[in-house]
Amino acid sequence: MGRGRMAMEQACLRELVERGPGTARVRLPVSSRRLNGLGTPHGALIFALADIAFATACNSHGQTAIGIQANITYLTAANEGSLEATARELSRGRKLATYEVRVLDSGERQVAAFQATAYLR
């Protein structure tokens, strides 16, 4: 595991809830330190959580996978409490794999939709 990945995971202090072939679910408690100026979880934090779920899912097959594209749509402001990101593999070929990640708040409302593609080595 590279230093950058370890540093990001340490900064997020996330909990790996579940992992399987092509799937992952991670949870992050949201403290007051992680809020933006409007008092809601910062968008960069939501993106980082989704990206960690994506990285965990796409590397779950025992083959190195490197993210080459990612985008996120923020759907609504998150409630206080924890955030949970669930990644699901949509397709996997010889060189590319595509994933979707749903980010839910503690009220189980979807607050973000994340899509990403990984290059398979």
Side-chain angles (χ1 to χ4, degrees):
M1 183 181 305
R3 283 185 177 186
R5 180 175 169 194
M6 288 187 335
M8 175 59 80
E9 290 180 356
Q10 282 291 325
C12 285
L13 296 174
R14 55 87 185 116
E15 171 192 357
L16 178 60
V17 175
E18 179 180 357
R19 177 178 51 197
T23 65
R25 188 162 47 115
V26 294
R27 184 177 303 129
L28 175 74
V30 178
S31 67
S32 61
R33 292 186 3 225
R34 295 182 170 141
L35 303 180
N36 62 23
L38 299 173
T40 61
H42 197 286
L45 181 71
I46 294 170
F47 186 97
L49 181 65
D51 190 51
I52 290 168
F54 159 63
T56 303
C58 70
N59 282 285
S60 65
H61 294 281
Q63 179 180 13
T64 301
I66 302 164
I68 59 171
Q69 178 279 330
N71 65 32
I72 193 165
T73 301
Y74 299 98
L75 305 171
T76 189
N79 289 332
E80 290 185 31
S82 63
L83 294 171
E84 189 168 284
T86 303
R88 177 175 75 95
E89 189 173 84
L90 298 177
S91 68
R92 187 175 188 88
R94 285 186 322 103
K95 291 291 181 184
L96 297 175
T98 305
Y99 292 80
E100 71 173 3
V101 181
R102 297 182 58 194
V103 181
L104 306 179
D105 68 9
S106 58
E108 297 190 13
R109 295 178 315 136
Q110 185 173 0
V111 298
F114 178 99
Q115 301 84 31
T117 303
Y119 172 76
L120 309 174
R121 292 176 99 191

message: What I'd like to find out is whether the side chain of E89 reaches to under 4.5 Å of the side chain of C58, using heavy atoms alone.
response: no
Side chain to side chain contact (heavy atoms under 4.5 Å, CB included) test vs F54 passes for just one of L49, V101, V26, namely V101
H42 (side chain) donor-acceptor with A44 (main chain) under 3.5 angstrom
yes
Output for pair (E84 CD, Q110 CD), nearest 0.5 Å, gives 12.5 Å
* Kindly say whether I52 contributes a backbone atom to a donor-acceptor pair with the side chain of T56 at under 3.5 angstrom? => yes
Would you confirm whether S60, through its side chain, and G22, through its main-chain N or O, come within 3.5 Å as a donor-acceptor pair?
yes
*Does a side-chain heavy-atom distance below 4.5 Å link L28 with L45?*
yes
Item to complete: For the pair D51 (side chain) and F47 (backbone), establish whether a donor and an acceptor sit closer than 3.5 Å, ignoring hydrogens and angles.
Response: no
NZ of K95 to CD1 of I68, rounded to nearest 0.5 Å, is 11.5 Å
Side chains of Y99 and L90 in contact at under 4.5 Å (non-hydrogen atoms)
no
Exercise for review: Test N79 against R109 for side-chain contact (heavy atoms from CB on, under 4.5 Å), laying out the working first.
Suggested key: CA-CA 9 Å; N79 289 332; R109 295 178 315 136; 3.2 Å; yes
dist N59:CG -> R19:CZ (nearest 0.5 Å) comes out at 10.0 Å
Linking I/L/V/M/F/W/Y whenever their side-chain heavy atoms sit closer than 4.5 Å, directly or via other members, would V30 and V103 fall into one cluster?
-> yes
Donor-acceptor contact present, side-chain S82 to main-chain R27, <3.5 Å: no
query = Taking atom CZ of R92 as the centre, does the number of heavy atoms from other residues, nucleotides or ligands within less than 6.0 Å exceed 12?
reply = yes
Acceptor/donor pairs from residues 111-121 side chains to any protein atom, 3.5 angstrom cut, sequence neighbours excluded:
from, atom 1, to, atom 2, distance (Å)
T117, OG1, Q69, OE1, 3.4

Are Y74 and L83 co-members of a hydrophobic cluster defined by side-chain heavy atoms under 4.5 Å apart?
yes
